[in-house]
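Step one of this worksheet: look at the structure below.
Lettering of chains follows the sequences in order, A, B, ..., and the numbering in each one begins at 1. Bear in mind the structure is a predicted one, so any value in this text is a computation, not a measurement.
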Protein chains: 2
Amino acid sequence: MQTQATVTDTSRYPLSRKQRELAKREALILDTAQNILHEQGYSSLTMDRIAEAIEYSKGTIYNHFPNKEDMVCSLCCRNIKNLIDIFTRAAEYEGTSRERFSAMGIGYSLYHQINPLDAQNIQIIKINSIREKISLEKLSEIESLEQRITEIANRVVQEAIQCGDLPKEVSDITDSIVFGYWSMLYGSLLLEQSDIPLENLGFNPGVKTLWLNCQKFMDGYNWLPHSPDIGSESLFNKISSDLYSNEVDMLNKRNK
Amino acid sequence: MQTQATVTDTSRYPLSRKQRELAKREALILDTAQNILHEQGYSSLTMDRIAEAIEYSKGTIYNHFPNKEDMVCSLCCRNIKNLIDIFTRAAEYEGTSRERFSAMGIGYSLYHQINPLDAQNIQIIKINSIREKISLEKLSEIESLEQRITEIANRVVQEAIQCGDLPKEVSDITDSIVFGYWSMLYGSLLLEQSDIPLENLGFNPGVKTLWLNCQKFMDGYNWLPHSPDIGSESLFNKISSDLYSNEVDMLNKRNK
DNA sequence: GCAATAATATGACGAAGCGTCAAAAAATGT
DNA sequence: ACATTTTTTGACGCTTCGTCATATTATTGC
């Protein structure tokens with residue numbers, strides 16, 4: 001009988017040799033997929049090409065993933081963990097609640113600038129006609145990972161209310177605040193997507209614009225302390241260097 | 001010689017019989033494509049199916065569109081005109097500058113709720129791997145249509161500055177304001193996309209959430225008059241019934 | 001150590017879709 | 001009425017997906 005290879009066993013028991021090998025191969029497949037995406041783009045990502053690259057047959061890949069879309073979703077799951085890490089760091093940042101929330105925006109923006117591929121993959125798996133091919137298990141996996149992120153953000157909002165940085169009245173719409181913030185981050189991300197010519201749309205895009213809009217969004221909710229009329233950039237720089245110096249370096253290096 | 005059928009001639013001269021027939025058939029193709037999308041979804045949208053439905057051969061379709069993606073983009077171009085109409089109506093709304101800007105948000109949101117297909121198509125043509133197949137002409141067509149929308153929004157922002165509803169200091173970042181606003185609209189739209197289970201993410205989504213966030217965004221920019229602490233919904237209802245009663249009816253009818 | 005059995009890997013194959021192009025059909029010009 | 005240009009057609013080649021009978025490898029029982 002042909003059974004589905006699986007490494008999603010989350011039990012604490014040590015994996016058997018077999019399971020380890022399976023996990024290793026799964027990682028190999030995902031690595032290879034990412035490479036191809038990186039070097040040749042999504043339209044060149046075919047199961048045959050992956051099979052050739054990893055020196056296993058196509059059937060073996062299909063023992064790991066029910067289809068191509070599911071595989072891309074797995075890639076997203078793997079990579080979104082980096083984003084969780086960034087959000088966690090932001091939530092633990094030593095500063096006001098507002099600075100911590102701001103840090104999340106910077107982190108999100110930085111992360112996707114460094115890894116535009118991830119943004120593209122996320123974009124792809126959000127398309128309904130793609131989505132319907134992804135297994136329910138994988139869908140709920142990515143969903144719960146995203147949930148972890150929104151929970152982290154939500155906690156900061158609640159802390160802000162508790163310590164009086166945000167008015168008590170918003171206690172029952174903390175979700176909305178997170179949703180709005182995320183919408184703006186996500187929307188900006190997609191609108192800024194590499195190949196869409198925003199300049200011609202009359203926009204002056206970039207991280208700084210997003211930063212400003214995020215600040216104004218928080219101002220609107222009366223999140224104290226308010227952003228200064230001028231010079232909120234110094235806060236931006238402070239947070240960037242405090243929390244994301246590695247990421248900023250990486251970005252600078254790449255742009256050279 | 002095989003030449004490309006074209007009806008994009010924008011000259012004012014009356015079209016010849018031939019051109020009219022061509023335009024008619026192009027519309028037929030797009031209508032049919034939209035039908036198939038509506039009834040069977042994007043994965044069932046194939047050139048062969050369209051050909052069969054319109055009772056022309058596939059080759060004839062390829063005389064109108066260089067490929068499938070270009071055709072979907074054409075569909076977007078055709079439909080985005082409705083959005084321009086909505087934005088125009090919003091810009092001409094008799095009310096404060098802030099109300100007009102708000103009206104744009106409501107209109108955008110309503111429009112995509114009524115036509116979720118359009119939102120999906122827009123989402124699709126924003127994917128790089130799709131985009132690279134679309135002809136440059138079509139890309140610049142949709143770009144300039146989108147530009148018309150942002151221009152309309154931008155004009156309202158400028159009027160707001162002129163009449164003192166927005167502080168003079170933002171004069172040179174009107175683009176950013178429009179960009180932020182649009183990001184939030186667009187981001188919310190995509191995050192709310194039909195099949196993504198937001199409830200489980202802890203969100204309480206919907207038009208009202210978006211409305212609130214838009215209001216807070218404007219508050220953040222100090223766009224006068226500020227939204228009231230409670231009861232900004234009455235303004236929402238007023239604008240909806242003043243400007244979009246047709247659209248609201250349509251939506252109610254459909255949900256019945 | 002070996003046969004029997006179970007698990008896994010393979011790649012040829014069918015199905016489906018895209019886009020092409022030589023040939024057929026229709027329209028136009030003379 | 002015939003020649004020439006334009007348009008339409010659908011069979012065809014190509015690519016990709018995902019399957020599955022068969023081959024290979026691993027495991028178990030004795």
Side-chain angles (χ1 to χ4, degrees), chain A residues 1-7 9 15-26 28-29 32-33 36-37 40-74 124 129-135 138, chain B residues 1-7 9 16-26 28-29 32-33 36-37 40-74 124 127 129-135 138:
Chain A
M1 204 231 312
Q2 199 81 343
T3 57
Q4 179 75 23
T6 175
V7 288
D9 180 23
L15 299 171
S16 68
R17 179 179 60 79
K18 196 137 231 176
Q19 285 174 306
R20 280 198 312 275
E21 277 171 8
L22 230 49
K24 202 170 155 193
R25 198 171 54 195
E26 192 153 314
L28 176 64
I29 295 173
T32 308
I36 294 176
L37 280 175
Q40 307 175 252
Y42 189 80
S43 4
S44 303
L45 182 71
T46 71
M47 294 311 237
D48 286 296
R49 250 187 273 266
I50 297 174
E52 202 197 329
I54 64 173
E55 295 187 279
Y56 280 95
S57 76
K58 193 158 47 150
T60 299
I61 299 177
Y62 279 96
N63 279 344
H64 287 268
F65 307 101
N67 56 54
K68 190 176 131 176
E69 288 75 17
D70 202 85
M71 196 196 63
V72 174
C73 188
S74 298
I124 286 169
S129 51
I130 302 281
R131 212 153 230 279
E132 66 199 8
K133 296 184 192 157
I134 302 174
S135 67
K138 204 79 35 126
Chain B
M1 203 231 311
Q2 198 81 343
T3 56
Q4 180 77 20
T6 176
V7 289
D9 180 23
S16 68
R17 180 179 60 79
K18 197 137 227 175
Q19 285 175 306
R20 281 198 311 274
E21 275 171 10
L22 228 51
K24 201 171 155 191
R25 198 171 55 194
E26 192 154 312
L28 176 64
I29 295 173
T32 307
I36 294 176
L37 280 175
Q40 306 174 253
Y42 188 79
S43 4
S44 303
L45 183 71
T46 71
M47 295 310 237
D48 285 296
R49 252 188 272 268
I50 298 173
E52 203 196 328
I54 64 174
E55 297 185 280
Y56 280 96
S57 77
K58 198 161 39 151
T60 300
I61 299 178
Y62 279 96
N63 279 343
H64 287 268
F65 306 101
N67 56 53
K68 191 176 132 177
E69 289 73 18
D70 201 85
M71 196 195 61
V72 174
C73 189
S74 298
I124 287 169
I127 303 266
S129 51
I130 302 281
R131 212 150 231 278
E132 66 198 9
K133 297 182 190 158
I134 302 175
S135 68
K138 205 76 39 126

What's the angle between the local helix axes at either end of the helix from dG1(C)-dC30(D) to dT30(C)-dA1(D), using five pairs per end and rounding to 10 degrees?
10°
For the side chain of Lys68(A) and the backbone of Leu45(A), is there at least one donor-acceptor N/O pair under 3.5 Å apart?
yes
Tell me if a side-chain donor or acceptor on Asp70(B) pairs with a main-chain N or O of Ser135(B) at a distance below 3.5 Å.
yes
Find the distance [X]:[atom1] to [N]:[atom2] and express it as a whole number of Å.
X	N	atom1	atom2	value
Gln19(B)	dT7(D)	CD	P	11 Å
Asp70(A)	dG18(D)	CG	P	10 Å
Ile134(B)	dG19(C)	CD1	P	12 Å
His64(B)	dT8(D)	NE2	P	7 Å
Leu45(A)	dT15(D)	CG	P	17 Å
Lys133(B)	dG19(C)	NZ	C1'	11 Å
Phe65(B)	dC18(C)	CZ	P	14 Å
Ile61(B)	dG17(C)	CD1	P	13 Å

Within 45° of the six-membered ring axis of Tyr42(A) and under 6.0 Å from that ring's centre, is NZ or CZ of Lys133(B) located there?
no
Nearest-nucleotide pick for [X], side chain only, options being [options]:
X	options	value
Ser57(B)	dG18(D), dG10(D), dT10(C)	dG10(D)
Tyr62(B)	dG19(C), dG18(D), dT10(C)	dG19(C)
Asn67(A)	dT9(D), dG19(C), dG18(D)	dG18(D)

Mind listing the closest non-hydrogen atom pair of Ile50(A) and Ala33(A) along with its distance?
CD1-CB, 4.1 Å
Heavy-atom pair with the smallest gap, counting every atom of Ser129(B) and Glu132(B)
O-CG, 3.5 Å
OP1 or OP2 of dT8(D) under 4.0 Å from side-chain N/O of Asn63(B)
yes
Can you establish whether the number of heavy atoms outside Gln40(A) located under 6.0 Å from its atom CD is more than 12?
yes
Taking atom CD of Glu21(B) as the centre, does the number of heavy atoms from other residues, nucleotides or ligands within less than 6.0 Å exceed 12?
yes
Would you compute the distance between atom CD of Glu69(B) and atom CD1 of Ile127(B) and round it to the nearest 0.5 angstrom?
11.5 Å
Considering only heavy atoms and no angle criterion, is a donor-acceptor pair shorter than 3.5 Å present between the side chain of Lys58(A) and the base of dG18(D)?
yes
Contacts of Lys58(A) that satisfy salt bridge (charged side-chain N to carboxylate O under 4.0 Å, His left out) - sequence neighbours left out:
Asp48(A)
Among residues 46-56 of chain A, which residues get a heavy atom nearer than 4.0 Å to DNA chain D?
Thr46(A), Met47(A), Arg49(A)
